[in-house]
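Side chains are part of it too, since the values below use all heavy atoms of this structure and drop only hydrogens, waters and symmetry mates. If you're wondering where the values come from, they're calculated on a predicted model, not measured in any experiment.
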Amino acid sequence: VILYAIWNDLNAPVYEGYYASLNGLMDYEIKTQLTQIISSMRTLSYTSTSYNLDDSDRDPNNPSNVILVYNRASVNGTWDGGDTWNKEHVWPQSKLGTASDSDIHNLKPANPGINSSRGNLPFGEGSGTYGKVNNDTQWYPGDQDKGDIARIVLYMNVRWGLIINSSSVGELNMFLRWHIEDPVDSFEANRNNVLYGVQENRNPFIDHPELVERIWGPITLSNGDSVSLDFYSEELFTKINIDTYDLPVSKRSNFLFA
């Protein structure tokens with residue numbers, strides 16, 4: 001008698017609408033298909049994006065204002081040529097290569113002085129508030145923005161093929177941790193909806209955070225623990241004493257034996 005173990009994703013998420021073409025794909029196929037999905041987009045002029053960020057990053061408590069990245073200040077949202085706020089390229093403009101400098105998912109309203117201070121520094125680990133870290137060679141976005149920044153960086157990698165490393169924008173494993181430590185909130189979700197209306201593509205890691213792990217595998221936090229986004233059943237794994245948190249999402253599924 002030969003016993004075969006077959007992975008069967010009985011509890012895999014069902015993707016609908018914009019993401020319907022992801023259904024039935026193996027994890028290693030997800031990234032290629034996501035690139036195809038989000039590459040269908042409207043091309044914007046860099047000038048026009050100045051008149052969209054006041055909507056996408058609007059202060060929910062003051063509709064006349066925008067929330068600035070990093071310092072989280074609420075300032076008048078009317079575009080005044082960059083005096084009150086200007087446009088921060090999360091993936092630095094000088095490192096975009098052939099990627100569009102007007103992809104609005106990569107733009108955030110910022111205080112001009114803070115934007116200048118960050119320059120084109122890659123991101124690095126820190127804690128608490130924003131600022132330069134590691135002998136002023138890296139930039140920490142702040143605890144409240146690090147997850148948003150991570151999901152923008154991952155989007156830019158999938159959409160434009162930009163390479164995530166320490167010399168370009170920061171270490172991949174750091175962004176994966178930030179994605180878990182600072183999860184999607186209503187402000188970020190609303191921004192994604194607004195930008196979809198403008199540019200006609202979405203950031204998939206805001207809509208479906210589990211896609212991060214499906215593409216890049218288990219995420220190791222700074223304390224050494226591994227986590228998995230918990231949308232698969234763990235009942236069987238508990239019975240057979242397998243630690244699900246050491247398995248990628250693609251393996252967290254039920255067994256069928258033949």
Side-chain angles (χ1 to χ4, degrees), residues 22 27-39 41 69-70 87-108 110 115 118-127 130-134 136-184 188 191-192 195 199 201-222 224 226-229 248-250:
L22 297 180
D27 288 354
Y28 68 85
E29 300 172 307
I30 291 290
K31 187 175 183 181
T32 298
Q33 184 59 29
L34 276 183
T35 300
Q36 183 173 333
I37 293 170
I38 66 178
S39 293
M41 57 186 277
V69 71
Y70 308 139
K87 293 178 287 188
E88 157 77 320
H89 287 81
V90 173
W91 196 294
Q93 188 172 15
S94 63
K95 299 179 180 181
L96 285 174
T98 59
S100 171
D101 67 352
S102 61
D103 186 328
I104 201 167
H105 285 284
N106 188 44
L107 300 176
K108 293 283 286 182
N115 192 352
R118 187 257 167 143
N120 67 354
L121 290 176
F123 293 103
E125 289 285 11
S127 63
Y130 70 93
K132 292 180 180 178
V133 292
N134 298 325
D136 295 345
T137 61
Q138 296 176 323
W139 182 263
Y140 182 62
D143 291 351
Q144 294 185 50
D145 276 318
K146 65 181 183 180
D148 306 51
I149 295 301
R151 285 177 282 275
I152 291 172
V153 168
L154 299 178
Y155 162 89
M156 293 295 285
N157 169 260
V158 173
R159 169 59 186 91
W160 297 102
L162 297 174
I163 297 173
I164 300 173
N165 59 33
S166 58
S167 61
S168 62
V169 72
E171 293 290 348
L172 174 61
N173 287 338
M174 175 186 70
F175 293 120
L176 299 181
R177 290 194 300 271
W178 288 0
H179 167 67
I180 294 295
E181 293 168 349
D182 177 29
V184 176
E188 191 180 4
R191 170 179 155 90
N192 200 27
L195 297 187
Q199 191 168 270
N201 75 337
R202 305 183 66 83
N203 184 329
F205 306 116
I206 296 172
D207 294 325
H208 289 283
E210 80 280 355
L211 290 173
V212 172
E213 193 183 26
R214 292 198 66 181
I215 293 172
W216 286 284
I219 299 168
T220 302
L221 301 180
S222 56
S226 295
V227 300
S228 287
L229 300 182
V249 163
S250 59

Review point. Taking atom types as modelled, is there a side-chain donor on S168 or N165 under 3.5 Å from an acceptor on the other?
Key: yes

Could you check whether any side-chain heavy atom of [X] comes within less than 4.5 Å of a side-chain heavy atom of [Y], counting everything from C-beta outward?
X	Y	result
N203	R191	no
V153	L172	no
R159	M41	yes
Y130	P141	no
L121	Q138	no
M156	D103	yes

Nearest 0.5 Å, please: how far is [atom2] in [Y] from [atom1] in [X]?
X	Y	atom1	atom2	answer
I38	W160	CD1	CH2	9.5 Å
Y70	Q144	OH	CD	14.5 Å
D207	E188	CG	CD	10.0 Å
N120	K95	CG	NZ	4.5 Å
I206	I152	CD1	CD1	7.0 Å
D101	Q93	CG	CD	5.0 Å

Exercise for review: State which residues pass salt bridge (charged side-chain N to carboxylate O under 4.0 Å, His left out) with D145; sequence neighbours excluded, sorted by chain then number.
Suggested key: R72

Which heavy atom of [X] sits nearest a heavy atom of [Y], and at what distance?
X	Y	value
Y155	P204	CD1-CD, 4.2 Å
A110	V69	CB-CG1, 3.8 Å
L96	L162	O-CD2, 3.4 Å
P218	E213	CA-OE2, 3.6 Å
N106	W91	OD1-N, 2.8 Å
K146	D182	N-OD2, 3.6 Å

Practice item. Walk me through it: do L211 and I30 pass the test side-chain contact (heavy atoms from CB on, under 4.5 Å)? Key: CA-CA 8 Å; L211 290 173; I30 291 290; 4.0 Å; yes

Quick one: does [X]'s side chain have a donor or acceptor within less than 3.5 Å of a partner on [Y]'s backbone?
X	Y	value
N157	I163	no
H105	L195	no
R118	F123	no
S166	E171	no

**Study point:** Those residues that, when tested against H89, pass ring-ring contact (aromatic ring centres under 6.0 Å, His included) (two or more places apart)
**Key:** Y46

Point to revise | Residue pair I164, L154: steps toward the side-chain contact (heavy atoms from CB on, under 4.5 Å) verdict | key: CA-CA 8 Å; I164 300 173; L154 299 178; 3.9 Å; yes

Check your understanding: Are W216 and F175 near enough that their ring centres are under 6.0 Å apart?
Key ->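 Not under 6.0 Å, so no.
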
Practice item. Check side chain to side chain contact (heavy atoms under 4.5 Å, CB included) between E125 and all other residues, then give those that pass, not counting sequence neighbours. Key: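 Expected list: M174, R177, W178.
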
**Study point:** Worked check of side-chain contact (heavy atoms from CB on, under 4.5 Å) between F205 and I215
**Key:** CA-CA 11 Å; F205 306 116; I215 293 172; 3.9 Å; yes

